[in-house]
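A short worksheet on the structure shown next.
One is the number of the first residue; the rest follow in order along the sequence. Note that this is a predicted model, so its numbers are computed, not measured. Heavy-atom basis, side chains included; hydrogens, waters and symmetry copies ignored. Order of appearance sets the numbers: ligands from 1, and atoms from 1 within every ligand.
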Amino acid sequence: MKGLMQDWPLSVTTIIDHAARFHGEREVVTRTVEGPFHTTNYKEIHLRARKVAQALEKIGAKQGDIIATMAWNTHRHLEAWYGIMGMGAVCHTLNPRLFAEQLVYIANHAEDQFILVDLTFVPVLEAVADQLKTVKGYIIMTDRAHMPETTLKNVHCYEEIVEAESGDYKWATIDENDACGLCYTSGTTGNPKGVLYSHRSNVLHALIGGSADVMGLRSVDVVLPVVPMFHANAWALAFSAPMAGAKLVMPGSKMDGESIYELLDNEKITTTAAVPTVWLMLLQHLQKTGAKLPALNKVIIGGSAAPRTMIETFEREYGAEVIHAWGMTEMSPMGTLGALKAGMEDLTTEQLLDVKVKQGRAVYTVEMKITDDDGVELPWDGKAFGPLLVKGPAVAGSYLKSEGGNILDADGWFDTGDVATIDENGYMQITDRAKDVIKSGGEWISSIELENTAVGHPDVAEAAVIGIVHPKWDERPLLICVAAEGKNPTKEDLLSYLEGKIAKWWTPDDVVFVDEIPHNATGKILKRALREQFKDYVLPTASAAE
Ligand code: AMP
């Protein structure tokens, strides 16, 4: 027997409709790419999103087209998102930090029809425009006064074409399973692969994202998504915040410690989310200036492992609760978050930190398991570790154009490429990316844990650990550090700091200092580049072993 409830398609347009109707005056504040702050509200965003849809249709875009954005988090990007998705097209968020070659591959593979681009990235597109085979035109996201000289062809001024429209527009009729968003992931081997989100998967994911033990968004919250919209949907915040009626503050292009502090302070941000690199810059700024953050309640840290000292500093010195999050582009992106559970009230501070450094427990709709190499499920004891597999309605079932073939096993599980433990309470902890794990004498060493411990040293700004070939042990860890500003730590300082904090046999065989550690387009340490850089490195322990 079928249920007798209404058929109400889960379309992302319902989110902005709801925000405009019930939270119309709630503000969206942006640090614009042009410089000054700009304030609008959900009612205006809703109106302008419909104008964007009209303007795009006028210049030739159609339902089902892939329309790209290459833009920072701004009010314009937000209204363009809803406009593109609302006209039944697919919003493809291009990551501007990609190498030119990857960018060309991705835009051609996706068959992007138009690109909406921020002023910052016009030169990036100019450099590759003659290789973009399907792009019919560019919309520069600024007003007439700021339009640049450009070699791009078929260029439109965003403000001009948007403001020429009335906004009298009815969203396209869509099926909730229609595609609405596209984001390429470069995490796996081979070419980047497109993850194609549906209206339904995004709405479900946004509902989950806003829920109490996930990001816990309320209408009284003021949310700063530092995590870019071009990185896995800004962790659903561009959907979850309007859904809740929370105020949004968009950071534009400036993500240095001082600029982020300015937003946190001026706008009295309650909830914010970013990768650890951003928080590192903020904490350095706070420590230098002695500033405090009285309004801040919640800091969501994900994308890479949050170091223990970072969690401790936010919680102890700044009174903000840290929620450690793990996910991936293929998961929309949230998979697990580390909110505490009942029964943990009496844990000591150190025990609480032990829980918080873990990547957290699965959000509703995410199924999760770890297996051994033969695919047999491993126990949830916090010790056994193996490949982490997931399932759910907001998890990719295949990549765009079936790139990479069948990505699910016979039972529908997706292999995340991460290696993890899961404890008795369901808290998952990433040991490593499968390809980054260091194999020493047949046992595994977690590069993530070593990095996070090393970065706790006050004189270290950033740390990376890679495996170096070793004649006896197969591989041994090399610790690569960037010294904190004005500091000069030595190998001995680091090794004695690690003593007692890690298993003795995990101790790195050497420590080197570099000016900079390379990062990929989403801010993760580029282990591949480090392995290349140090491929001929000989560990001091290597000759002794021979
Ligand atoms: P992306 O698709 O670019 O978001 O990358 C996803 C990958 O980032 C995951 O498979 C993990 O390897 C890594 N990752 C994300 N969040 C965390 C975290 N909190 N701790 C450790 N690794 C993480």
**Asked** Do any heavy atoms of G417 fall under 4.0 Å from ligand 1?
**Response** no

**Prompt:** Quick check: does any side chain N or O of S259 sit under 3.5 Å from a backbone N or O of K254, one acting as donor and the other as acceptor?
**Reply:** no

**Request:** Begin with the C-alpha distance, continue with both residues' side-chain angles, and end with the deciding distance and a verdict on side-chain hydrogen bond (donor to acceptor under 3.5 Å, both in side chains) for N425 and W380.
**Result:** CA-CA 8 Å; N425 291 313; W380 291 19; over 6 Å; no

**Over all atoms of both residues, closest heavy-atom pair of P251 and I260** = CB-CD1, 4.4 Å

**From the candidates M328, Q429, M334, the one that places a heavy atom nearest atom 6 (C) of ligand 1** = M328

**Prompt:** Does an N or O anywhere in A325 fall below 3.5 Å from an N or O of ligand 1?
**Reply:** yes

**Message:** Tell me whether A305 has any N or O atom under 3.5 angstrom from an N or O of ligand 1.
**Reply:** yes

**Message:** Could you check whether any side-chain heavy atom of M70 comes within less than 4.5 Å of a side-chain heavy atom of L103, counting everything from C-beta outward?
**Reply:** yes

**Prompt:** With distance as the sole criterion, is a donor-acceptor pair present between the side chains of D418 and W326 under 3.5 Å?
**Reply:** yes

**Request:** Check whether any N or O atom of E330, backbone or side chain, sits under 3.5 Å from an N or O atom of ligand 1, and answer yes or no.
**Result:** no

**Message:** Would P333 count as a contact residue for ligand 1, given that I'm defining contact as a non-hydrogen atom of the residue lying under 4.0 Å from a ligand atom?
**Reply:** no

**Request:** Classify the ring geometry between F239 and Y82 as parallel (under 30°), tilted (30 to 60°) or perpendicular (over 60°).
**Result:** perpendicular

**Message:** Please determine whether any non-hydrogen atom of M331 lies less than 4.0 Å from an atom of ligand 1.
**Reply:** no

**Complete:** To atom 17 (C) of ligand 1, the nearest of W235, W326, Y184 on a heavy-atom basis is W326

**Request:** May I ask you to test the L347-D354 pair for a side-chain heavy-atom distance under 4.5 Å?
**Result:** no

**ligand 1 N/O within reach of I301 N/O, cut-off under 3.5 Å** = no

**Message:** Show the atoms of ligand 1 that are less than 4.0 angstrom away from any heavy atom in G303.
**Reply:** 8 (O), 13 (C), 14 (N), 15 (C), 16 (N), 17 (C), 23 (C)

**Message:** I'd like to check which ligand 1 atoms, numbered from 1 as shown, lie under 4.0 Å from a non-hydrogen atom of Q359.
**Reply:** 18 (C), 19 (N), 20 (N), 21 (C)

**Asked** Any idea which of T431, I300, D418 brings a heavy atom closest to atom 9 (C) of ligand 1?
**Response** D418

**Message:** Centre-to-centre under 6.0 Å for Y184 and H109, is that the case here?
**Reply:** yes

**Message:** Check this for me: E101, atom CD, are more than 12 non-hydrogen atoms of other residues, nucleotides or ligands nearer than 6.0 Å?
**Reply:** no

**Request:** Any atoms of ligand 1 less than 4.0 Å from a non-hydrogen atom of T329? List them with their elements.
**Result:** 1 (P), 2 (O), 3 (O), 4 (O)

